[in-house]
Amino acid sequence: MHLKKTRVKKDGKVYEYAKIVQSVRREDGVSSEEVVKNLGRMKTEEDWEWAESVLEAMKREEEVPELRDLEVKKQFDYGGVLVAEELWEEYGIKGALMNSIEDRKPEFEFERIVLLLAVNRLYDPSSDLSAYRWINERIYPREDVEKQWIYRSLDLLAEEKGKIERNIFENLVESLDLSLDLVFYDLTSTYFEGEGPDLANFGYSRDHRGDREQIVLGVMMCGGVPIAHEVWKGNTVDKSTLEKTVEQLRERFDIEKMVFVADRGVMTMPNLEELEDVGYEYILSTKRRKDDLAEKLLEKEVPGDKRLRAEEVHREEVDDVTRRYVLCLDEKTREERLETLKEIRKEKEEELKDLKERFEKSRSGKGRGRPMTKKGAMKQAEKILGKNKRLFNVDINETIQWKLNREAWKYEKAIAGKFLLVTTSDLKPGKAMKAYKDLKDVEKAFNELKNFLKIRPIYHHTDKRVKGHVYICILALLLKRLIEKKTDKPFNKTMQELEKLKISKIEFRGKKILQRNQINNAQRRVFESLEVIEPPKVLNVETKNQG
């Protein structure tokens, strides 16, 4: 018997078919071929491999399975798990975790559980209980994890955070060739569902959930990946976190020289002095209001005709440190802000006019209910104006009168589209502006943590579990960014292809076969970009005796 290939040309295309044939001698003595089995159209190399396997099985007089004899018992997630495993090891995360807890010797595979918890957030982020079910029921290679191991892994991750973070950082510096010239730092918050642990407290909520207890999360990023993070109590003030962050970089990571980039929320004069004392350069944005020097500098013009431009407008010497002030302008943002100011002025004046009519009607006895007091009317006026109250001077006597605050209006128009940086680096103004704009990458990371990796809401009731949960989400973010770096494509597009790669558990007459589905061209390109070797089609075959 042998395999015979036939080609059929149709509509300008050539189609290949395979059949198994054997030589026979007819009664008249002439040799000819007899078709033993038609195998149908061959579309890929894998189809031809399958055809060869059928031929070999028939030569050994083994049964060739028919479709009606096969039963797919279950499918498992495989593509994303396979890729994550490869990158986890390639970038030293696996080794960092194992080395960090080598003295602890837990009875469970801590590193493996942490990996799978992180990968779960790339697939189907939800509660730890859902992750436990996903690990035990829906992934390949098969796992047998106890629920308590999930929670103990979170505890261990929190307990050894400092050592783990440092080990991962050292491996990333080497594997990614990270330049530590610029380290970006920013803060966010995330809330609890129900009552939280000691860390949980009410504070300024960036999620607009002032009705929920929260924690404050600070993240440091370098080269587009998270290198460190810290969790604080929910009522922690932004500017008080910087000292601890600087201490981490200096002592735990042995970073001697870097440029620290952060937003105005974490900057105060003591913060600047703290950075200067340890020898770190910085690029920080200043306040836009209630700072005499900043207000004076923001009113200056930024010469040039580029849409984005920057100019050094001031410098000062403080204890042998030169602070340079760089004024930046975004023309597009300026145009949008000026238009918004016009809309705000019109809207607020209309609302004040309506309030005036209601106040006068109420005071004349024509309105319903009790007359509106001057104090009540002022409260309503302040509510209407909100953060724009500086633009209007409101006076309430027998009626409500207001005037535009010309000085405040002129200032708002002058600073539209501008921001002021203070830096001790020797970067040119344009480079300093670009570095600060790159801080937006941390904001993007926060968005990914909250809306893609579902860091919120948090359900845990101990500080350690909360910190472990946060670290799992940070590690998931790290995996996501590493995949994007290697593929140079949006993660969602890559993950769509990886999610399609499944392992099927097939049963055929006492055998259990674990076999992946066919790899398409898009998936093949993903594997090539990630330098991951394509897995074999059949991963395992079990007989009844093997269980």
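Every heavy atom of this structure was used, including side-chain atoms; hydrogens, water molecules and symmetry mates were not. Given the structure is predicted, the values throughout are model-derived calculations rather than measurements.
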Q: Could you tell me whether E317 and R323 have a side-chain N and a carboxylate O separated by less than 4.0 Å?
A: no
Q: Can you find a side-chain donor-acceptor pair between S504 and Q75 that sits under 3.5 Å?
A: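 Side chains of S504 and Q75: pair found under 3.5 Å.
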Q: Closest heavy-atom contact between L187 and R206?
A: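 Taking L187 first and R206 second, the nearest heavy atoms are O-NE, 3.6 Å.
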Q: What's the spacing between E111 CD and I164 CD1 if we round to 0.5 Å?
A: 11.0 Å
Q: Please determine whether a side-chain nitrogen of the Lys or Arg among R209 and D211 lies less than 4.0 Å from a carboxylate oxygen of the Asp or Glu.
A: yes
Q: Using a 3.5 Å distance criterion without hydrogens, assess whether the side chain of Y123 forms a donor-acceptor pair with backbone atoms of G80.
A: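 At least one qualifying donor-acceptor pair exists.
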Q: Keeping K505 on the side-chain end and F76 on the backbone end, is there a donor-acceptor pair under 3.5 Å?
A: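 It does not hold such a pair.
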Q: So how far is it from D330 CG to K306 NZ, rounded to the nearest 0.5 Å?
A: 13.5 Å
Q: Just by distance, no angles: are the side chains of W149 and E109 close enough, under 3.5 Å, to form a donor-acceptor pair?
A: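 E109 and W149 do not have a side-chain donor-acceptor pair below 3.5 Å.
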Q: Between E85 and R112, is the closest basic N to carboxylate O distance under 4.0 Å?
A: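 So R112 pairs with E85 through a salt bridge.
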Q: Decide, yes or no, whether a salt bridge links E159 with R104 under the criterion of side-chain N to carboxylate O below 4.0 Å.
A: yes
Q: Under a 4.0 Å threshold between the charged nitrogen and the carboxylate oxygen, would K161 count as salt-bridged to E165?
A: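 Yes, this pair counts.
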Q: Backbone N or O of G224 within a donor-acceptor pair of the R481 side chain at under 3.5 Å?
A: yes
Q: Which heavy atom in N120 sits nearest to a heavy atom in S126, and how many Å separate them?
A: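 Residues N120 and S126, closest heavy atoms: OD1-N, 4.5 Å.
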Q: Should the pair D128-R133 be classified as a salt bridge under the 4.0 Å nitrogen-to-oxygen rule?
A: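 The answer is no: the pair does not qualify as a salt bridge.
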Q: We want to know whether E281 and T424 form a side-chain donor-acceptor pair, criterion being a heavy-atom distance below 3.5 angstrom.
A: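 On atom types as modelled, these side chains do not qualify, holding no pair under 3.5 Å.
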Q: Scan side-chain atoms only and decide if N520 and R525 contain a donor-acceptor pair under the 3.5 Å cut-off.
A: no
Q: Looking only at heavy atoms, which two atoms of I455 and T190 are closest? And how far apart?
A: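 It is CG2-OG1, 3.9 Å.
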Q: Do the side chain of K74 and the main chain of I506 share a donor and acceptor less than 3.5 angstrom apart?
A: no
Q: How far does CE of M98 sit from CG of N167, to the nearest 0.5 angstrom?
A: 12.5 Å
Q: Check for a donor-acceptor pair, side chain of T423 on one end and backbone N or O of S425 on the other, with a separation under 3.5 Å.
A: yes
Q: Quick one: does T286's side chain have a donor or acceptor within less than 3.5 Å of a partner on A294's backbone?
A: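 No; zero donor-acceptor contacts below 3.5 Å.
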Q: Minimum heavy-atom separation for E195 and H461, please, with both atom names.
A: O-ND1, 2.9 Å
Q: Is a side-chain N or O of K418 found less than 3.5 angstrom from the main chain of K300, in a donor-acceptor match?
A: yes
Q: Is the shortest side-chain heavy-atom distance between K502 and Y140 below 4.5 Å?
A: no
Q: Flag the pair K500 and E497 as a salt bridge only when some basic side-chain nitrogen lies within less than 4.0 angstrom of an acidic carboxylate oxygen.
A: yes
Q: Any heavy-atom pair between the side chains of F108 and V145 that's under 4.5 Å?
A: no
Q: Salt bridge check: are R324 and E312 linked by an N-O gap of less than 4.0 Å?
A: yes
Q: Looking at E301, I'd like to know if its CD atom is crowded, meaning that more than 12 non-hydrogen atoms belonging to other residues, nucleotides or ligands lie closer than 6.0 Å.
A: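 Atom CD in E301 is not crowded, with 12 or fewer foreign heavy atoms closer than 6.0 Å.
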Q: Is it true that, when you exclude K233 itself, more than 12 heavy atoms of the residues, nucleotides or ligands shown sit nearer than 6.0 Å to its NZ?
A: yes
Q: Less than 4.5 Å apart, side chain to side chain, heavy atoms only: is that true for V219 and D186?
A: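 A side-chain contact is absent here, since even the closest heavy-atom pair is not under 4.5 Å.
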Q: Given 3.5 Å as the limit, does a donor-acceptor pair link the side chain of R212 with the main chain of E193, or not?
A: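 Such a contact is absent between R212 side chain and E193 backbone.
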Q: Between the side chain of Q214 and the main-chain N/O of G234, is any donor-acceptor distance below 3.5 Å?
A: yes
Q: For the side chain of S175 and the backbone of N171, is there at least one donor-acceptor N/O pair under 3.5 Å apart?
A: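 Between the backbone of N171 and the side chain of S175 there is a qualifying donor-acceptor contact (under 3.5 Å).
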Q: Please report the shortest heavy-atom distance between A131 and L117, naming the atom on each side.
A: CB-CD2, 3.8 Å
Q: Just one of I472, N136, V81 clears the side chain to side chain contact (heavy atoms under 4.5 Å, CB included) bar with L116, so which one?
A: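 Checked I472, N136, V81 against L116; only one passes side chain to side chain contact (heavy atoms under 4.5 Å, CB included): V81.
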Q: I need the Q523 CD to E499 CD distance, nearest 0.5 Å.
A: 11.0 Å
Q: Do E484 and K489 meet the salt-bridge criterion of a basic N to acidic O distance under 4.0 Å?
A: no
Q: Got a salt bridge between E90 and K486, using NZ or NE/NH1/NH2 to carboxylate O under 4.0 Å?
A: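 Judged by the 4.0 Å cut-off on N to carboxylate O distance, E90 and K486 do form a salt bridge.
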Q: Please find the pair of heavy atoms, one from I283 and one from A435, that lie closest to each other, and give the distance.
A: CD1-CB, 3.7 Å
Q: I'd like to know if E146 and R152 make a salt bridge, using a cut-off of under 4.0 Å between side-chain N and carboxylate O.
A: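 Salt bridge absent between E146 and R152.
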Q: Under a 4.0 Å N-O cut-off, is there an ion pair linking D438 with K434?
A: yes
